[in-house]
Engineer: 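What follows is a single structure, and I will ask about it in a moment.
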Amino acid sequence: MSDQIRIVEMGPRDGLQNEKTPVSVEARIAFVEALVAAGLNTVEVGAFVSPKAIPQMASSDQVLRGVGHIKDAEFHVLVPNEKGYDAARAAGAKVVSVFAAASEGFSRANINCSIAESIERFKPVLARAKADGVKVRGYISCVLGCPFDGEIKPKAVADLAMTLWDLGCYEISLGDTIGVGTPLKAREMLRAVGAELPVANLAMHFHDTYGQALANLYAGMEEGVRVIDAAAGGLGGCPYAPGATGNVATEDVVYMLEGMGVKTGVDMDRLLTTTNEVAGLLGRPPVSRVASALNAKRKRLGAS
Ligand code: HMG
Ligand code: MG
């Protein structure tokens with residue numbers, strides 16, 4: 001299992017999209033810059049969604065433009081429809097992500113349409129992206145449970161993954177949106193999806209509500225999945241997913257991987273400083289175990 005793992009950093013998008021404290025465009029840009037400087041070179045920086053639905057992601061165009069000077073990094077943004085695609089492209093997006101759900105209840109709550117309607121909205125986005133040379137990532141939410149519809153069958157996830165793959169998504173990110181999954185269920189779901197499309201093109205996007213995310217990631221790595229979505233400080237959550245907490249923390253993932261001999265290229269010290277800075281902006285300490293442990297260690301050693 002000790003080959004390369006790619007981390008897709010979610011902090012500036014999933015991480016901030018549900019925060020009550022407003023974070024300025026300048027601070028969002030500085031957050032992205034610091035993440036890249038810490039070695040996280042794939043970062044989701046914003047979302048071109050309705051500002052009425054997610055006011056925290058307003059001005060994502062300014063954030064995307066503001067990080068345009070950074071080389072050797074790939075920036076992702078969410079787009080729910082052609083309107084979002086237009087705006088993202090105008091701001092220079094080279095990678096966009098469409099987002100669907102494995103459950104009708106969450107699809108309706110999150111993007112105000114059925115699963116089938118969401119696919120119809122994505123079709124022109126995928127077609128235009130292909131013509132424009134833009135890469136499209138596809139998310140599926142609620143792969144291990146839905147706050148409205150309850151249990152989700154692995155086959156429903158696999159079928160939707162296949163649909164997004166056939167439309168041209170280069171990678172399918174499987175979201176345990178409310179963090180209810182446990183390792184054997186995660187494995188069953190990943191095996192079902194992996195039976196339909198290449199495991200190399202799957203990503204795991206696990207929220208850590210019940211503290212299971214690292215165990216679920218490990219189960220997924222045993223199945224051969226090599227892409228992990230994570231957010232600095234364990235930030236994150238979707239306003240349309242009641243009860244959900246943040247993404248698995250990037251520092252927790254990095255600690256686990258490096259302990260397993262997997263080189264992540266992430267500078268833990270810089271990541272911790274960045275995590276603390278954002279936590280300072282939000283007015284509370286980071287929730288992750290590794291950040292808490294390393295901050296306590298810094299304190300013992302008298303470092304700031
Ligand atoms: P709708 O109401 O069905 O869309 O919303 P509409 O086409 O009828 O338009 C309604 C209004 O939204 C209009 O404005 C449009 O112009 C505007 P109004 O006339 O009322 O002033 N609008 C837009 N504005 C900006 N950008 C756009 C856009 N499209 C329409 N692209 C829509 C559909 C998807 C837009 C809406 O429901 C929405 O924005 N939802 C937000 C969804 C969201 O961002 N959720 C969080 C991210 S997903 C997530 O966190 C899960 C994930 O992390 C994986 C996991 O954890 O599972 C990815
Ligand atoms: Mg999420």
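Side chains included, hydrogens not; waters and symmetry mates left out as well; all remaining heavy atoms used. Both counts, for ligands and for their atoms, begin at 1 and track the order of listing.
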Engineer: By the definition side chain to side chain contact (heavy atoms under 4.5 Å, CB included), identify the one residue from Ile228, Ile5, Leu214 that meets it with Met256.
Structural biologist: Leu214
Engineer: Any salt bridge between Asp132 and Arg89, counting N to O under 4.0 Å?
Structural biologist: yes
Engineer: With 2.8 Å as the limit, jot down which protein N, O or S atoms are around the Mg ion (ligand 2).
Structural biologist: Asp14 OD2, His205 NE2, His207 NE2
Engineer: Would you mind checking if Glu171 and Arg6 are paired as a salt bridge, meaning a charged N to carboxylate O distance below 4.0 Å?
Structural biologist: yes
Engineer: Are the charged groups of Glu19 and Arg284 less than 4.0 angstrom apart, N to O?
Structural biologist: yes
Engineer: With no hydrogens and no angle check, is any side-chain donor or acceptor of Asp14 less than 3.5 Å from a backbone partner on Gly237?
Structural biologist: yes
Engineer: Identify whether the distance between the nearest side-chain nitrogen and carboxylate oxygen of Arg187 and Glu222 falls below 4.0 Å.
Structural biologist: no
Engineer: Between Asp176 and Lys185, is the closest basic N to carboxylate O distance under 4.0 Å?
Structural biologist: no
Engineer: Measuring from each atom of ligand 1, which residues have a heavy atom under 4.0 Å away?
Structural biologist: Arg13, Asp14, Gln17, Phe48, Val49, Ser50, Pro51, Lys52, Ala53, Ile54, Leu78, Pro80, Asn81, Lys83, Gly84, Phe99, Asn110, Ile111, Asn112, Arg121, Tyr139, Ser141, Gly175, Thr177, His205, His207, Cys238
Engineer: Distance alone, cut at 3.5 Å: any donor-acceptor contact between the side chains of Thr42 and Glu9?
Structural biologist: no
Engineer: If you compare all heavy atoms of Ala101 against all heavy atoms of Leu160, which two are closest, and at what distance to 0.1 Å?
Structural biologist: O-CD2, 3.1 Å
